[in-house]
Amino acid sequence: KVPPQLIRLRILDESLRQRVGGLNDISAPWEQLAELDLPVSKVFIVENLQTGLAFDDLPGSVVIMQLGYGVDVLGRLAWVAKANCVYWGDLDTHGFAILNRARSYLPELKSVLMDEATLRSYQGLWVEEKDQHAAETLPLLTDPEQAVYQVIKRNAWGQNVRLEQERIDWDVAWKTLQQAI
C-alpha cells in the first residue's frame with residue numbers, strides 16, 4: 001500500500017489547539033486535515049522543518065513545514081485557501097520554483113525574505129545550490145522575485161548561489177514574518 005502524503009503543521013494559537021484536543025504539532029494525511037474546520041486567519045508555509053519549529057504563538061495562525069514540491073496539496077485544504085498565506089523558502093532556484101508552484105493553487109500567496117536585499121545582506125552565509133531548477137522563467141513570480149531568480153540562474157553574483165532560510169538571523173526573520181500578515 002502506498003503511504004499517504006503527510007502534512008506537518010504547527011498550530012500557533014491556543015484557541016485553535018483546543019479544537020484539535022490541544023495538539024500543537026501535527027503530522028497527518030492531507031485528507032484528514034482537509035476535514036478540519038479550523039478558523040485560521042494566517043497560514044505560514046516554510047520550506048524547512050527547523051524554521052517551522054522556531055515559530056512562536058501567533059493569534060489565528062498555523063505554520064506548514066517541509067512540503068517541498070508537494071505544495072499542490074495546499075489547494076485541497078479549504079481552510080488554507082481562505083486564509084492570508086505567506087511563503088518563505090530558501091533563496092535559491094528551487095525555493096522560487098516551489099513558490100511558483102504554490103501560487104498556482106494559492107494565487108494570493110505572498111513571499112517574505114525572498115528578495116535581493118535579504119540575499120545580499122547574508123552573502124557571507126551563502127552556500128552552493130547543487131543543481132539549479134531547469135526553468136528559465138517562472139511565470140507566477142512577481143517582477144522582483146523573477147529578477148532575483150534570473151540573477152541566481154545566470155550566476156551573476158556567484159556560482160549557484162543559495163541562502164538557506166535557517167541561516168537568516170531569527171530575530172530579523174520573526175519580525176518580518178509578523179509584519180507580513
Side-chain angles (χ1 to χ4, degrees), residues 5 7-9 30 40-52 54-55 61-170 172-181:
Q5 181 181 4
I7 296 177
R8 176 127 185 221
L9 63 88
W30 72 264
V40 172
S41 58
K42 299 172 266 305
V43 174
F44 296 92
I45 302 150
V46 297
E47 192 171 340
N48 299 318
L49 175 63
Q50 294 82 3
T51 303
F55 274 67
S61 301
V62 301
V63 59
I64 297 174
M65 307 167 274
Q66 217 176 8
L67 285 177
Y69 284 102
V71 291
D72 55 327
V73 74
L74 296 172
R76 299 176 181 159
L77 305 176
W79 54 271
V80 170
K82 293 176 194 172
N84 185 357
C85 298
V86 173
Y87 176 79
W88 178 27
D90 291 337
L91 265 161
D92 62 12
T93 61
H94 290 280
F96 282 110
I98 293 166
L99 170 60
N100 184 76
R101 185 175 188 149
R103 278 209 182 114
S104 64
Y105 301 95
L106 301 170
E108 302 301 316
L109 183 63
K110 292 189 301 190
S111 70
V112 294
L113 299 164
M114 296 185 71
D115 54 75
E116 180 178 345
T118 301
L119 184 58
R120 307 270 291 178
S121 293
Y122 292 92
Q123 186 169 352
L125 299 176
W126 292 356
V127 294
E128 188 172 319
E129 183 177 28
K130 193 173 205 169
D131 297 305
Q132 288 192 338
H133 190 270
E136 289 303 315
T137 61
L138 298 169
L140 300 178
L141 297 183
T142 64
D143 290 342
E145 293 163 351
Q146 189 68 247
V148 175
Y149 180 75
Q150 291 303 317
V151 166
I152 294 171
K153 282 288 287 182
R154 292 192 320 266
N155 295 312
W157 294 335
Q159 185 66 35
N160 292 8
V161 166
R162 176 180 197 209
L163 175 61
E164 296 166 309
Q165 69 183 173
E166 64 269 21
R167 292 175 173 259
I168 294 174
D169 180 84
W170 181 247
V172 172
W174 184 238
K175 183 178 178 182
T176 303
L177 289 160
Q178 290 176 81
Q179 292 171 345
I181 296 295

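Computed from heavy atoms alone, side chains included, the values below leave out hydrogens, waters and symmetry copies.
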Test side-chain contact (heavy atoms from CB on, under 4.5 Å) on N155 and V161; report intermediate values, then the result. CA-CA 7 Å; N155 295 312; V161 166; over 6 Å; no
Taking only residues two or more places apart in sequence or in another chain, which ones pass ring pair (Phe, Tyr, Trp, His ring centres under 6.0 Å) with F44? F55
Residues two or more places apart in sequence or in another chain: which of them pass side chain to side chain donor-acceptor pair (under 3.5 Å) with Q165? N48, T51
Between W126 and W157, what is the ring plane arrangement, given parallel below 30°, perpendicular above 60°, and tilted in between? parallel
Can you check whether L140's main-chain N or O pairs, donor with acceptor, with N100's side chain at less than 3.5 Å? yes
Worked verdict on K42 versus V86 for side-chain contact (heavy atoms from CB on, under 4.5 Å): CA-CA 8 Å; K42 299 172 266 305; V86 173; over 6 Å; no
Pairs touching residues 161-170 that satisfy salt bridge (charged side-chain N to carboxylate O under 4.0 Å, His left out), sequence neighbours left out: D90-R162, D92-R162, R162-E164, E164-R167
Given 3.5 Å as the limit, does a donor-acceptor pair link the side chain of T118 with the main chain of M114, or not? no
Please find the pair of heavy atoms, one from V63 and one from G52, that lie closest to each other, and give the distance. CG1-O, 3.8 Å
Taking distance alone, no hydrogens or angles, what donor-acceptor pairs closer than 3.5 Å link side-chain atoms of residues 141-149 to residues at least two apart or in another chain?
from: T142; atom 1: OG1; to: E145; atom 2: N; distance (Å): 3.3
from: T142; atom 1: OG1; to: E145; atom 2: OE1; distance (Å): 3.3
from: E145; atom 1: OE1; to: R103; atom 2: NH1; distance (Å): 2.6
from: E145; atom 1: OE1; to: R103; atom 2: NH2; distance (Å): 3.4
from: E145; atom 1: OE1; to: T142; atom 2: N; distance (Å): 2.8
from: E145; atom 1: OE2; to: R103; atom 2: NH2; distance (Å): 2.9
from: E145; atom 1: OE2; to: S111; atom 2: OG; distance (Å): 2.5
from: Q146; atom 1: OE1; to: Q150; atom 2: NE2; distance (Å): 3.0
from: Q146; atom 1: NE2; to: L138; atom 2: O; distance (Å): 2.6
from: Y149; atom 1: OH; to: A135; atom 2: O; distance (Å): 2.5

To the nearest 0.5 Å, how far apart are OG in S104 and CG in L74? 10.0 Å
H94 side chain vs D131 backbone, donor-acceptor pair below 3.5 Å: yes
Could you state the interatomic distance from CG (L163) to CD1 (I168), rounded to the nearest 0.5 Å? 4.5 Å
Value for OG (S121) from CG (L113), rounded to nearest 0.5 Å, stands at 10.0 Å
What is the distance from atom CZ of R154 to atom CD of E136, rounded to the nearest 0.5 Å? 10.5 Å
Result block: side-chain N/O donor-acceptor pairs under 3.5 angstrom for residues 172-181, not counting sequence neighbours:
from: T176; atom 1: OG1; to: V172; atom 2: O; distance (Å): 2.9
from: Q178; atom 1: NE2; to: W174; atom 2: O; distance (Å): 3.3

Nearest heavy-atom pair of K153 and H133: which atoms, and what distance? NZ-O, 2.5 Å
Answer yes or no: is there a donor N or O on one side and an acceptor on the other, between the side chain of N84 and the main chain of S41, under 3.5 Å? no
Do you know the tightest heavy-atom contact between L91 and I152? O-CD1, 4.1 Å
Just do the side-chain contact (heavy atoms from CB on, under 4.5 Å) check on V80 and V40 with the steps written out, would you? CA-CA 7 Å; V80 170; V40 172; over 6 Å; no
Checking L106 against I45 for the side-chain contact (heavy atoms from CB on, under 4.5 Å) test, could you report, in this order, the C-alpha distance in whole Å, the side-chain angles of both residues, the deciding distance, and whether it holds? CA-CA 11 Å; L106 301 170; I45 302 150; 4.0 Å; yes
With sequence neighbours excluded, residues passing salt bridge (Lys or Arg N to Asp or Glu O under 4.0 Å) with R76: none
